[in-house]
Amino acid sequence: MASATFRIWRGSGTEGAFVDYRTEVSEGMVVLDAVHRIQAEQAPDLACRWNCKAGKCGSCSAEINGRPRLMCMTRLNVLPLEQPVTIEPLQTFPPVRDLVTDVSWNYRVKEKIQPFTPRPADADGAWRMAQEDIDRVQEFRKCIECYLCQDVCHVLREHRMHDEFIGPRFLVHLAALEMHPLDVEDRLPAVKDASGVGYCNITKCCTNVCPEHITITDNAIIPLKERVVDRFYDPLARLVRAFRG
């Protein structure tokens with residue numbers, strides 16, 4: 001049976017180092033399979049987070065050869081196994097132990113976003129929507145909150161602007177609410193100020209790492225930027241509002 005070397009980050013908090021593990025690999029294995037084999041045979045105290053092993057829970061996020069990926073969806077046959085496969089925790093969030101990071105900042109961000117606020121139902125108690133309006137936001141519902149987009153975003157990863165920028169995952173969430181045909185809450189002032197949407201320079205790195213292939217930049221962030229500009233910065237729109245006011 002073939003074997004490969006996995007260079008895994010081991011440590012608690014900010015202290016640690018990479019440790020090499022040589023283990024057997026076989027056809028069809030993913031990175032998470034290799035990590036589980038290493039846990040079973042060599043390092044039972046290796047900490048990693050996982051749940052469904054089907055690419056739907058978003059738990060097993062890590063950086064594999066420097067790229068944010070889901071360990072359960074990264075097949076070994078797409079990696080150069082003649083070299084050590086590097087596995088390390090997400091860099092945008094505080095490390096806890098080994099491959100586990102503290103992603104609770106994301107939960108606090110989401111708590112501050114005004115939730116879905118639907119208009120009153122129609123006279124017969126139903127809510128009617130046009131299919132094209134539903135199609136526009138359906139893509140955003142695929143998000144599994146793996147936070148790979150948050151990890152790769154340079155505003156959070158390199159500039160550490162967690163207090164000023166909510167990141168692409170929650171700009172997607174805002175877009176899903178803002179574009180929903182039933183929602184009546186006005187979130188544009190929050191998009192303009194609290195979200196920090198202006199910090200995004202649309203490099204599309206978030207779109208490139210999304211395992212659900214959500215077109216984050218083009219379909220969520222850019223439309224939000226356009227709505228903010230139309231409302232707050234378009235001089236013609238200002239004149240029209242002043243005339244009507």
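Residue numbers run from 1 in the order of the sequence given.
- Although no hydrogens or angles enter the test, the distance criterion places no donor-acceptor pair under 3.5 Å between the side chain of Thr86 and the main chain of Arg7.
- Ala126 and Asp124 get closest at one heavy-atom pair: N-OD1, 3.1 Å.
- In this structure the side chain of Asp20 never reaches within 4.5 angstrom of the side chain of Phe6, judged on heavy atoms.
- The ring of Phe116 has its center closer than 6.0 angstrom to the ring center of His180.
- For the residue pair Thr215/Thr207, the side-chain donor-acceptor check at 3.5 Å is not satisfied.
- Around atom CZ of Arg141, no more than 12 heavy atoms belonging to other residues, nucleotides or ligands sit under 6.0 Å away.
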Under the side chain to side chain contact (heavy atoms under 4.5 Å, CB included) criterion, do Cys210 and Leu148 qualify, and how do the steps go?
CA-CA 7 Å; Cys210 179; Leu148 296 181; over 6 Å; no
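- Here the shortest heavy-atom pairing between Ile214 and Cys143 reads CD1-N, 3.6 Å.
- The main-chain N or O of Gly13 is never found under 3.5 Å from a side-chain atom of Arg97 such that the two would form a donor-acceptor pair.
- Within a 6.0 Å sphere centred on CD1 of Ile134, heavy atoms belonging to other residues, nucleotides or ligands number more than 12.
- Heavy-atom minimum distance, Met71 versus Cys48: CE-CB, 4.3 Å.
- The closest donor-acceptor contact from the side chain of Thr117 to the backbone of Pro115 lies under 3.5 Å.
- Put simply, the side chain of Cys146 reaches to within 4.5 Å of the side chain of Ser61, judged on heavy atoms.
- Taking CD1 of Ile38 as the reference point, atom CG of Asp33 lies at 11.0 Å (rounded to 0.5 Å).
- A side-chain contact (heavy atoms from CB on, under 4.5 Å) with Ile222 holds for exactly one of Asn219, Leu224, Asp218; it is Asp218.
- To the nearest 0.5 Å, atom CE of residue Met29 and atom CG of residue Leu79 are 11.5 Å apart.
- For the pair Leu90/Gln150, no side-chain contact is recorded, criterion being any heavy-atom separation below 4.5 Å from C-beta on.
- Closest approach of Pro89 to Asp98, counting heavy atoms only: CG-O, 3.5 Å.
- The number of heavy atoms from other shown groups lying within 6.0 Å of NZ (Lys112) does not exceed 12.
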I'd like to know whether Arg169 forms a salt bridge (charged side-chain N to carboxylate O under 4.0 Å, His left out) with Glu145, so could you lay out the CA-CA distance, the side-chain angles of the two residues, the decisive distance to 0.1 Å, and finally the verdict.
CA-CA 7 Å; Arg169 187 291 170 259; Glu145 295 198 330; 2.9 Å; yes
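- With Glu24 contributing its side chain and Ser3 its backbone, the two residues share no donor-acceptor pair below 3.5 Å.
- Aromatic ring pairs are classed by plane angle as parallel below 30°, tilted from 30° to 60° and perpendicular above 60°; the pair His159 and His154 is perpendicular.
- Checking side-chain atoms of Lys225 against main-chain N and O of Cys200 turns up a donor-acceptor pair under 3.5 Å.
- Under the 4.0 Å criterion applied to side-chain N and carboxylate O atoms, Arg22 and Glu41 are not assigned as salt-bridge partners.
- The hydrophobic cluster containing Leu174 also contains Ile144, counting ILVMFWY residues as joined when their side-chain heavy atoms lie under 4.5 angstrom apart, directly or transitively.
- Remark: the backbone N or O of Glu178 is not paired with any side-chain donor or acceptor of Asp183 at under 3.5 angstrom.
- Counting non-hydrogen atoms of other residues, nucleotides and ligands closer than 6.0 Å to CD of Glu15 gives a total of 12 or fewer.
- Linking ILVMFWY side-chain heavy atoms closer than 4.5 Å, directly or via other members, places Leu70 and Val172 in a single hydrophobic cluster.
- Pro68 approaches Val209 most closely through the heavy-atom pair O-CB, 4.1 Å.
- For CD of Glu82, the number of neighbouring non-hydrogen atoms (other residues, nucleotides, ligands) closer than 6.0 Å is greater than 12.
- Ring planes of His162 and Phe93: perpendicular class, angle over 60° (limits at 30 and 60°).
- A heavy-atom distance below 4.5 Å is not found between the side chains of Lys192 and Val197.
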Does the pair Leu156 and Phe165 meet the rule for a side chain to side chain contact (heavy atoms under 4.5 Å, CB included), with working shown?
CA-CA 8 Å; Leu156 298 175; Phe165 183 59; 4.0 Å; yes
Pair Thr5-Gln83, side chain to side chain contact (heavy atoms under 4.5 Å, CB included): steps then yes or no:
CA-CA 7 Å; Thr5 299; Gln83 304 170 0; over 6 Å; no
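- Val100 and Val31 fall into different hydrophobic clusters, where Ile, Leu, Val, Met, Phe, Trp and Tyr residues are linked whenever their side-chain heavy atoms come under 4.5 Å apart, directly or through other members.
- A salt bridge links Arg231 to Asp186: at least one charged side-chain nitrogen sits closer than 4.0 Å to a carboxylate oxygen.
- Annotation: the span from Glu158 atom CD to Thr92 atom OG1 amounts to 9.0 Å, rounded to 0.5 Å.
- Rounding to the nearest 0.5 angstrom, the gap separating the CD atom in Glu164 from the OG atom in Ser195 is 11.5 Å.
- Val228 and Met179 fall within the same hydrophobic cluster, where Ile, Leu, Val, Met, Phe, Trp and Tyr residues are linked whenever their side-chain heavy atoms come under 4.5 Å apart, directly or through other members.
- The distance from the OG1 atom of Thr217 to the CG atom of Asn201 is 9.5 Å, given to the nearest 0.5 Å.
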Would you sort out whether Leu99 and Arg49 count as a side chain to side chain contact (heavy atoms under 4.5 Å, CB included), showing the intermediate values?
CA-CA 7 Å; Leu99 301 179; Arg49 185 181 284 128; over 6 Å; no
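- Here the side chains of Leu46 and Arg10 are in contact, with some heavy-atom distance below 4.5 Å.
- A single hydrophobic cluster is seen to contain both Val191 and Met161, as judged by linkage of ILVMFWY side chains at heavy-atom distances under 4.5 Å, directly or through other members.
- Around CG of Asp122, the count of heavy atoms belonging to other residues, nucleotides or ligands within 6.0 Å exceeds 12.
- Using a 4.5 Å heavy-atom threshold, the side chains of Lys53 and Ser59 count as separate.
- With Asn106 contributing its side chain and Val103 its backbone, the two residues share a donor-acceptor pair below 3.5 Å.
- The two atoms that bring Gln91 and Arg160 nearest to each other are O-NH1, 3.2 Å, heavy atoms only.
- Within the 3.5 Å criterion, the main-chain N or O of Glu63 finds no donor-acceptor partner in the side chain of Arg69.
- Atom CD in Gln42 sits 5.5 Å away from atom OG1 in Thr23 (nearest 0.5 Å).
- Neither side chain, Tyr21 nor Arg37, offers a donor N or O lying under 3.5 Å from an acceptor on the other.
- Between Glu212 and Lys56 a salt bridge is recorded (basic side-chain N to carboxylate O distance below 4.0 Å).
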